[in-house]
Amino acid sequence: MHIDVLTLFPEMISGIFEHSILKKAYEKEKFSYNLINFRDYAGNKHNKVDDYPYGGGAGMVLTPQPVFDAVDAVVKEKQAKPRIVLMCPQGEPYNQKKAEELAEEEHLVFICGHYEGYDERIREHLVTDEISIGDYVLTGGELGAMVVIDSVVRLIPDVLGNKASAPEDSFSTGLLEHPHYTRPADFRGMKVPDVLLSGDHAKINEWRRKESLKRTYERRKELIDRKSFSEEELKIWREINDK
């Protein structure tokens, strides 16, 4: 996978590629990236990328020309049609399913805006996806792009050390993940559930599925309402409800 990020502030984003899982994945050549300041494509004396909105109103609007030209340049370089993602509070709410979908792509381009918004022609004629990471407004799209990039790169095969980590994540199964414990088994009188110390993997798996269902019901009941249950999950769900 190759990732291009179009932003006025590349230095805001560079740090996520220099630490932890993303750094290791980059060093193992699981993906490549490029940070592009689309101000470099402004094509005017003062490198201006915004202007006043037609019809009046507060704030400034990003003009289409620098963004279109920057995207044209990265597409021409890779000679492949990418998914072009606009980070925007009006976009599709981001979730794990979308992360899994994007992780299948070979080339992603993220557009990070600032100011009052984007010229509408960027939305209508350039991007393939508009993504929002929540119902709130940030000063720019960089933080949202970092969230999406992190969630996507970790899903690339062999990026995570344990192959079972990603499939068992919260939301990947449609449920929240079960609780985790580590040493010591008894910490200040707070003990690890006996089943996890039993060595009986069948019982441990059953406990984890049950705890996952319980946690989801208690914290995110709407996920339960949308979930398609397997026969085994239905059996566990009935046991929970009977109690």
Side-chain angles (χ1 to χ4, degrees), residues 1-41 66-114 118 122-123 125-134 138 140-174 177:
M1 176 186 288
H2 179 75
I3 298 171
D4 286 304
V5 185
L6 276 58
T7 170
L8 295 175
F9 304 99
E11 63 277 7
M12 284 185 66
I13 297 178
S14 60
I16 68 164
F17 297 110
E18 298 170 1
H19 302 279
S20 190
I21 297 295
L22 268 66
K23 179 182 180 182
K24 293 177 182 177
Y26 177 72
E27 290 174 345
K28 292 192 294 184
E29 300 183 348
K30 297 300 178 184
F31 79 105
S32 58
Y33 71 93
N34 193 22
L35 306 180
I36 299 110
N37 190 332
F38 58 83
R39 192 181 297 279
D40 295 339
Y41 293 84
V67 177
F68 271 79
D69 284 359
V71 170
D72 287 346
V74 300
V75 171
K76 182 178 180 180
E77 180 181 347
K78 289 296 176 182
Q79 297 183 337
K81 188 175 181 180
R83 290 282 284 272
I84 302 174
V85 179
L86 189 75
M87 301 308 304
C88 174
Q90 300 177 24
E92 171 188 355
Y94 192 59
N95 55 32
Q96 187 68 17
K97 183 179 179 181
K98 189 70 173 184
E100 292 167 358
E101 177 186 325
L102 294 178
E104 298 292 327
E105 297 292 330
E106 293 184 4
H107 186 190
L108 297 175
V109 177
F110 291 88
I111 302 175
C112 306
H114 266 263
Y118 306 93
I122 296 172
R123 299 178 190 274
H125 301 288
L126 186 61
V127 306
T128 59
D129 302 82
E130 290 186 49
I131 289 178
S132 167
I133 62 167
L138 300 170
E142 286 78 12
L143 293 173
M146 286 188 272
V147 168
V148 176
I149 290 167
D150 183 273
S151 66
V152 168
V153 170
R154 67 191 302 278
L155 295 175
I156 296 173
D158 300 323
V159 165
L160 296 179
N162 188 331
K163 292 184 179 180
S165 293
E168 293 178 359
D169 281 341
S170 290
F171 307 110
S172 290
T173 62
E177 196 173 6

Apply the side chain to side chain contact (heavy atoms under 4.5 Å, CB included) test between C112 and each candidate in L6, V5, L143; give the one that qualifies.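 Result: among L6, V5, L143, V5 is the only option passing the side chain to side chain contact (heavy atoms under 4.5 Å, CB included) with C112.
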From [atom1] ([X]) to [atom2] ([Y]), nearest 0.5 Å:
X    : Y    : atom1 : atom2 : value
L8   : E142 : CG    : CD    : 7.0 Å
T128 : R83  : OG1   : CZ    : 5.5 Å
I16  : D150 : CD1   : CG    : 6.5 Å
Q90  : E130 : CD    : CD    : 7.0 Å
K81  : E106 : NZ    : CD    : 14.0 Å
E18  : I13  : CD    : CD1   : 12.0 Å

G113 and Y118: which non-hydrogen atoms are nearest, and at how many Å?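 Of all heavy-atom pairs spanning G113 and Y118, the closest is N-OH, 2.9 Å.
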If every non-hydrogen atom of S132 is compared with every non-hydrogen atom of C88, which pair is closest and at what distance? CB-O, 3.2 Å
With heavy-atom distances below 4.5 Å as the criterion, would you say the side chains of [X] and [Y] are in contact?
X    : Y    : result
V67  : I111 : yes
V152 : I3   : no
M87  : I131 : yes
V127 : V71  : no
V159 : I21  : yes
M1   : I156 : yes

Apply side chain to side chain contact (heavy atoms under 4.5 Å, CB included) to K98 and D129, showing your working. CA-CA 10 Å; K98 189 70 173 184; D129 302 82; 2.7 Å; yes
The test is side chain to side chain contact (heavy atoms under 4.5 Å, CB included); show your working for M146 and I133 and say whether it passes. CA-CA 10 Å; M146 286 188 272; I133 62 167; over 6 Å; no
Taking atom CD as the centre, does E101 end up with more than 12 heavy-atom neighbours from other residues, nucleotides or ligands that are less than 6.0 angstrom away?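 More than 12 heavy atoms, drawn from other residues, nucleotides or ligands, come within 6.0 Å of this atom.
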Atom pairs and distances, donor-acceptor, side-chain atoms in residues 22-41, under 3.5 Å, two or more places apart:
{"unit_1": "K28", "atom_1": "NZ", "unit_2": "D158", "atom_2": "O", "d": "3.1"}
{"unit_1": "S32", "atom_1": "OG", "unit_2": "H2", "atom_2": "ND1", "d": "2.7"}
{"unit_1": "N37", "atom_1": "OD1", "unit_2": "R39", "atom_2": "N", "d": "2.9"}
{"unit_1": "R39", "atom_1": "NH1", "unit_2": "N47", "atom_2": "O", "d": "3.0"}

